[in-house]
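The structure displayed is predicted, hence computed values, not measured ones.
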Amino acid sequence: MQPKIRELLAELARAGFVDRGGKGSHRNYVHPNVVKPITIPGKLGDDAKLYLIKAVQIAIEESKK
């Protein structure tokens with residue numbers, strides 16, 4: 001079962017990412033150790049797409065360096 005968007009956002013928040021806002025249903029998260037911001041589209045209850053799950057995992061790993 002795929003995680004929901006709200007679960008990905010919670011993982012980003014636990015990793016120290018901060019929401020810098022966005023346009024419409026898009027949210028941009030930044031972290032001081034990550035060069036590129038990660039954009040999370042969709043409503044909180046939507047299922048997360050596989051590409052988005054992978055992008056969040058990569059960003060969290062990059063933030064630990």
Taken in chain and number order and not counting sequence neighbours, the residues that satisfy side chain to side chain contact (heavy atoms under 4.5 Å, CB included) with Leu44 are Arg6, Leu9, Arg27

Would Asn28 and Thr39 count as a side chain to side chain donor-acceptor pair (under 3.5 Å) if you check the C-alpha gap in whole Å, the side-chain angles of each, and the deciding distance to 0.1 Å?
-> CA-CA 4 Å; Asn28 296 302; Thr39 302; 2.7 Å; yes

Between Arg20 and Val30, the two heavy atoms sitting closest are CD-CG1, 3.7 Å

Within one Ile-Leu-Val-Met-Phe-Trp-Tyr cluster: Val56 and Tyr51, side-chain cutoff 4.5 Å | yes

Hey, are Glu61 and Lys64 close enough for a salt bridge, meaning a charged N less than 4.0 Å from a carboxylate O?
-> yes

With a 4.5 Å limit on heavy-atom distance, are the side chains of Leu52 and Ile5 in contact?
-> yes

Please report the shortest heavy-atom distance between Ala59 and Phe17, naming the atom on each side.
-> O-CZ, 3.5 Å

Would you call Lys4 and Asp46 a salt bridge, using N to O less than 4.0 angstrom?
-> no

Non-hydrogen side-chain atoms of Met1 and Asp47 separated by less than 4.5 Å = no

Which value, rounded to the nearest 0.5 Å, describes the distance between Ile60 atom CD1 and His31 atom NE2?
-> 9.5 Å

